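Per chain, numbering begins at 1; letters A, B, ... match sequence-line order. As the structure is a computational prediction, the values presented were derived from the model and not from experiment.
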Amino acid sequence: MAGPGGDMQWCFSQVKGAIDDDVAEADIISTVEFNHTGELLATGDKGGRVVIFQQEIENKSQPQFRSEYNVYSTFQSHEPEFDYLKSLEIEEKINKIRWLPQKNAAQFLLSTNDKTIKLWKISERDKRPEGYNLKEEDGRYKDPNTIMSLRVPVLIPMDLMVEASPRRVFANAHTYHINSISVNSDNETYLSADDLRINLWHLEITDRSFNIVDIKPANMEELTEVITAAEFHPHQCNTFVYSSSKGTIRLCDMRASALCDKHSKLFEEPEDPSNRSFFSEIISSISDVKFSHNGRYMMTRDYLSVKIWDLNMENRPVETYQVHEYLRSKLCSLYENDCIFDKFECCWNGNDSVVMTGSYNNFFRMFDRGQRRDVTLEASRENSKPMQVLKPRKVCAGGKRKKDEISVDSLDFNKKILHTAWHPQDNIIAVATTNNLYIFQDKVN
Amino acid sequence: MSEEVQGTTSSEEVQEMEDKVISPEKAEEVKLKARYPNLGAKPGGGSDLLRKRIQKGQKYFDSGDYNMAKAKMKNKQLPSAPAEKTEITGGHIPTPQDLPQRKTSIVASKLAG
């Protein structure tokens, strides 16, 4: 059965992580991100660790190539801290990782927890110097009196070593919890957003940042909305967007003023007031916003749907896709177990024709914009035989349940796919369950 | 139980009929209000939910309380009066060789395994 995108057939490729069901909190995956070429795939977890996988391709010349992602580097990015002034713990959980475009042999990424952003340099070392004049091979210093001649040390090959070192630490700029970071297309600046403020940084400067959005009310009792996500436009270095807990997106132009409290565009879908309920605002809260690669559209994810917006049309989205509409009649229990506050992310494929987002029961959904087709797939150990084709799944909302369908009440709400990523060029996707990373590949790549 | 629309009906009557089929969202709201009658009147819980969101994280009394809680989580044995260490305290100034090796508390990610 052909899936979205014509003949796309998703197959299992790899799964990373422990098999046992007893999940340590530190192992919960909190972010997944491909770099700009797709050669590297980074994950961050609740324990503050970053693991980077590198793609190795077999038979690159042939159209049906197989690729594998293997561990390239792993390091502890953030550690738990204690805020002495507020007597609050600062979690080491990595909220977001964003790669910088590659400028030289080394790779750079930004990783952030709730309060501090760090720039990491990942570099390869495959040669080491040998033949020092003043040191023995084991590092001990020679007695200078024994040195009779001089030689030039030579670089000899060694086993590849990948080193990660923190190059910049951007700290103390956020009173509230950082939810987003976004690298500007100018490759010099980036933004970081917390619940109420957005700051602009220069990658070289750590002791200063500019506040560009501040929605903190003078009286906190009047607080009605918070910033949920922010992103720079992929090509226009003066443009960025931020989404709110009320379901609105504001587009700001940094050329207009230093403080972008006044938006240039406000994207909001009008709501039918007769349909308003206690849950309306909660489920309209946008958990993720992503520009399309071509920069003409942006996608937002709220609790039940994915919306595509044309940047030239503010009054409504051009496309709306229901992710799991059957949950609308379960909102009461989802509020009680806090699942209604789950923050799902979404992503575009390389040519902006398909979008993907996660759901519960380790399901994830893909929507083909051109072909108007959607599919539900599952990331599970049962479907993890090499190159096993994923079978589409179906949830039965009510009434008679057909064979192979799953009823809404049987869904496991603890198995949530919040983070997914799509390779920038190829049909390779990375899907994170609670503590495992699944990599799926299109059969005909 | 459905009602047929016959002839011309005023908009009010149509609205009444539609209300009989309550949207699933409103039905869920009724359920919630029944369970928690004291829930905030403002939609979305007003700023209570937002304020809870802004101040996430467990509050500790002080850094000592925080460190105790961390230690308990790691199931470390809290030394009450370590007998083997009495000669270190008070007897002489400890040197690095006297101090126990600091175990690395950072465990590698299972994704890298």
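- A/Phe75 does not touch chain B: none of its heavy atoms, backbone or side chain, sits under 4.5 Å away.
- In this structure, no portion of A/Leu334 lies under 4.5 Å from any heavy atom of chain B.
- When each of B/Glu28, B/Lys59, B/Arg53, B/Glu29 is checked for heavy-atom pairs under 4.5 Å with chain A, B/Glu28 comes out on top.
- One finds a salt bridge joining B/Arg35 and A/Glu336 here, because a Lys/Arg side-chain nitrogen approaches an Asp/Glu carboxylate oxygen to under 4.0 Å.
- Around the CD1 atom of A/Ile19, the shell of radius 6.0 Å holds no more than 12 heavy atoms that belong to other residues, nucleotides or ligands.
- The existence of a salt bridge linking B/Lys70 and A/Glu89 is confirmed by a sub-4.0 Å separation between a basic side-chain nitrogen and an acidic carboxylate oxygen.
- Between the side chain of A/Lys16 and the main chain of B/Lys110, no donor-acceptor pair closer than 3.5 Å is present.
- Heavy atoms of A/Tyr72 lying under 4.5 Å from chain B are absent altogether.
- Looking at A/Cys332 and B/Tyr36, their side chains never come closer than 4.5 Å, going by heavy atoms from C-beta outward.
- For A/Ile90, no part lies under 4.5 angstrom from a heavy atom of chain B.
- In this structure, the side chains of A/Asn435 and B/Leu111 stay at 4.5 Å or more apart for every pair of heavy atoms.
- With a threshold of 4.5 angstrom between heavy atoms, A/Thr43 approaches chain B through side-chain atoms but not through N, CA, C or O.
- Sparse packing is recorded around CG of A/Asp22, with 12 or fewer heavy atoms of other residues, nucleotides or ligands lying under 6.0 Å away.
- The contact between B/Ala112 and chain A is made by backbone and side chain atoms together, counting heavy-atom distances below 4.5 Å.
- Between A/His177 and B/Ile54 there is no side-chain heavy-atom pair separated by less than 4.5 Å.
- B/Glu25 and A/Ser277 get closest at one heavy-atom pair: OE2-OG, 2.9 Å.
- Most heavy-atom pairs under 4.5 Å with chain B, from the set A/Ser87, A/Ser73, A/Ser245: that is A/Ser87.
- Taking CG of A/Asp83 as the reference point, atom OH of B/Tyr66 lies at 10.5 Å (rounded to 0.5 Å).
- If you measure heavy-atom distances from A/Ile283 to chain B, the contacts under 4.5 Å come from the side chain alone.
- Looking at A/Thr74, only its side chain comes within 4.5 Å of chain B, counting heavy atoms on both sides.
- Summarising the local packing, CD of A/Glu25 is surrounded by 12 or fewer heavy atoms from other residues, nucleotides or ligands at distances under 6.0 Å.
- Under the 4.5 Å side-chain criterion, counting only non-hydrogen atoms from C-beta, A/Phe279 is in contact with B/Leu32.
- Heavy-atom distances place the backbone of A/Glu81, and not its side chain, under 4.5 Å from chain B.
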